Amino acid sequence: MPEGHTIHRIASDHAKLLVGRSVSVSSPQGRFSADAALVDGDVLDRIEAYGKHLFLWWRSGYVGHVHLGLFGRFRVQKLTIGEAEPVPVGAVRMRLSTTSSVIDLAGPTACAIFTASERDAIVDRLGPDPLRSDAQPARAIERISRSGQALGALLLDQSVLCGVGNVYRAEALFVNGLHPSRRGRDTSPDELVTLWGTVVSMLCKGVKDNRIVTVDRRELGVSSNRRLRRGEATYVYHRDLCLRCGTPIQTVKLAGRPCYYCPRCQPS
DNA sequence: CCTCTATGGCGAA
DNA sequence: TCGCCCTAGAGGC
């Protein structure tokens, strides 16, 4: 679920329900109770997405920080007028509720109430976010072009650029015919500019679709409106055979996780 | 019912 | 590099 596109989508979806309103904040599971009390009933001014981080700007000056990690999920329920709040299902770390909706957060890696300067400290450790209009791609491109690290490792390094996860790194490299083990410094500036562009467009599409679909449907030969199944929506990620040429997909461990690639379409 | 997996990231070695 | 945290859905029996 959560690469950068998920977080940006959540930010805009949740903003429609919460921003400008007084929000009840609680922790049915209990682990977030003390922090929740700091902002319970406060007005939410803004929700900000930065890479895989979500920041909730409260009018009091507190800033909520959420990182979904691998398992975190939000569930949104809309309430009809006068409807009582539903009983939480499972382990709900944080519940945000208004008279018209309830948003439950389960399984996050991080969920805490910070100050603005703590939020800044997190952001300072991040590279440019391709989904943000204030992103400076040159920062990422320069860093990659000086690095002896593999592209597959650099794309997953949130301090180089942020928001890309294990699916998008594999798919973006595939689309550009780049082997994941190619070193950053062995990649031309032109190739890196194009790679950045690929990441931007893939993530943007992910926000729109609210899921990861990197394949061009025309290459699939399926009717254009059928919803793609999981495993149909990528060229190499988690596939046995390359969607384009049928070659068996290989993986190489980079940044501690398997990077899927096609040895034929992405020669070293 | 159970076991396995997952689109992350941290801190201890 | 490894272990660990956290949850839910899928699939097997």
Side-chain angles (χ1 to χ4, degrees), chain A residues 1-11 27-33 35 49-55 65-77 88-95 103-112 114 118 121-127 129-131 149-150 152-175 180 198-215 227-240 249 251-261:
Chain A
M1 229 12 217
E3 294 194 26
H5 69 296
T6 308
I7 310 308
H8 282 260
R9 177 61 185 252
I10 285 168
S27 180
Q29 172 215 46
R31 286 185 50 183
F32 179 65
S33 295
D35 278 13
Y50 208 119
K52 299 172 190 169
H53 298 262
L54 194 68
F55 298 104
H65 173 238
V66 173
H67 193 295
L68 294 178
L70 197 49
F71 314 119
R73 277 164 192 275
F74 279 105
R75 282 188 303 263
V76 175
Q77 296 168 272
V89 176
V92 175
R93 182 84 58 89
M94 175 175 71
R95 167 169 280 196
I103 297 176
D104 285 338
L105 169 64
T109 285
C111 176
F114 284 164
E118 288 172 298
I122 291 171
V123 167
D124 286 347
R125 296 198 302 267
L126 300 174
D129 176 351
L131 282 172
Q149 297 266 95
L154 291 160
L155 282 180
L156 222 46
D157 183 340
Q158 304 296 297
S159 72
V160 173
L161 73 168
C162 67
V164 170
N166 206 23
V167 181
Y168 282 126
R169 82 159 161 179
E171 297 294 299
L173 290 171
F174 172 83
V175 164
T198 298
V199 170
V200 170
S201 57
M202 280 185 174
L203 283 166
C204 281
K205 181 168 162 50
V207 174
K208 266 191 214 110
D209 297 346
N210 204 12
R211 60 176 298 207
I212 299 176
V213 178
T214 56
V215 297
R227 183 179 166 85
L228 297 177
R229 290 190 304 270
R230 227 178 131 85
E232 271 186 320
T234 54
Y235 288 106
V236 292
Y237 177 78
H238 225 295
R239 290 182 66 98
D240 295 328
I249 293 301
T251 64
V252 55
K253 202 156 208 172
L254 290 169
R257 310 174 66 194
C259 186
Y260 296 78
Y261 70 100

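Hydrogens, waters and symmetry mates are skipped; everything else that's a heavy atom, side chains included, is used. Keep in mind that what you see is a predicted model, and the values were worked out from it rather than measured. Throughout, protein chains are lettered first and strands after them, A, B, ... in sequence-line order, and every chain is numbered starting at 1.
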Identify which nucleotide among [options] has an atom closest to any side-chain atom of [X], counting heavy atoms from C-beta outward.
X	options	result
A/Y237	C/dA8, B/dG9, B/dA6	B/dA6
A/A91	C/dT7, B/dG9, C/dA8	C/dT7
A/R257	C/dT7, B/dG8, C/dA8	B/dG8
A/H238	B/dA6, B/dG9, C/dA8	B/dA6
A/K52	B/dG9, B/dA6, C/dA8	B/dG9

Among all residues two or more places apart in sequence or in another chain, which pass the salt bridge (charged side-chain N to carboxylate O under 4.0 Å, His left out) test with [X]?
X	result
A/R9	A/D13
A/K253	none
A/D35	none

Practice item. Just call it for A/E171: base, sugar-phosphate, or nothing, with non-hydrogen atoms closer than 4.0 Å on any strand. Key: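 Touches nothing.
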
Review point. Reckon A/R31 touches a base, only the sugar-phosphate, or nothing at all at heavy-atom distances under 4.0 Å?
Key: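 Since only primed, P, OP1 and OP2 atoms lie under 4.0 Å of A/R31, the category is sugar-phosphate.
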
Check the distance between [N]'s [atom2] and [X]'s [atom1] and give it to me in whole angstrom.
X	N	atom1	atom2	result
A/R169	B/dG8	CZ	P	9 Å
A/Y260	B/dT5	OH	C1'	10 Å
A/L105	C/dA8	CG	P	10 Å
A/D157	B/dG8	CG	C1'	13 Å
A/L161	B/dG8	CG	P	13 Å
A/L156	B/dG9	CG	C1'	10 Å
A/L70	C/dT7	CG	P	13 Å
A/L68	C/dC5	CG	P	20 Å

Review point. Once the angle between the rings of A/Y168 and A/H5 is folded into 0 to 90°, is it parallel (under 30°), tilted (30 to 60°) or perpendicular (over 60°)?
Key: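 Correct class here is perpendicular.
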
Point to revise | Aromatic plane relationship, A/F174 with A/Y235 - under 30° parallel, 30 to 60° tilted, over 60° perpendicular | key: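 Rings of A/Y235 and A/F174: parallel, as their planes differ by under 30°.
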
Exercise for review: Could you tell me which residues satisfy side-chain hydrogen bond (donor to acceptor under 3.5 Å, both in side chains) with A/Y261, sequence neighbours excluded, listed by chain and number?
Suggested key: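 By the side-chain hydrogen bond (donor to acceptor under 3.5 Å, both in side chains) rule, A/Y261 matches A/Q250.
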
Practice item. Give a yes/no answer on whether the side chain of A/R75 brings an N or O atom under 4.0 Å of OP1 or OP2 in C/dA8. Key: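 It does, given that an N or O in the side chain of A/R75 lies less than 4.0 Å from OP1 or OP2 of C/dA8.
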
Review point. Does A/H67 put a side-chain nitrogen or oxygen below 4.0 Å from OP1 or OP2 of B/dG8?
Key: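 No, no such contact exists.
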
Practice item. Identify the heavy atoms of A/R239 and A/T234 that sit nearest to each other, and give their distance. Key: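 Taking every non-hydrogen atom into account, CD-O, 3.0 Å.
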
Atom pairs, N/O to N/O, protein against nucleotides 10-13 of chain B, distance under 3.5 Å?
none

Review point. With rounding to whole Å, what would you report as the distance between C/dA8 and B/dC10 at their P atoms?
Key: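 Per the computed distance, 23 Å lies between those P atoms.
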
Point to revise | Under the side-chain contact (heavy atoms from CB on, under 4.5 Å) test, residues paired with A/T251 that sit two or more places apart | key: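 Scan of A/T251 (side-chain contact (heavy atoms from CB on, under 4.5 Å), adjacent residues dropped) gives A/P258, A/Y260.
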
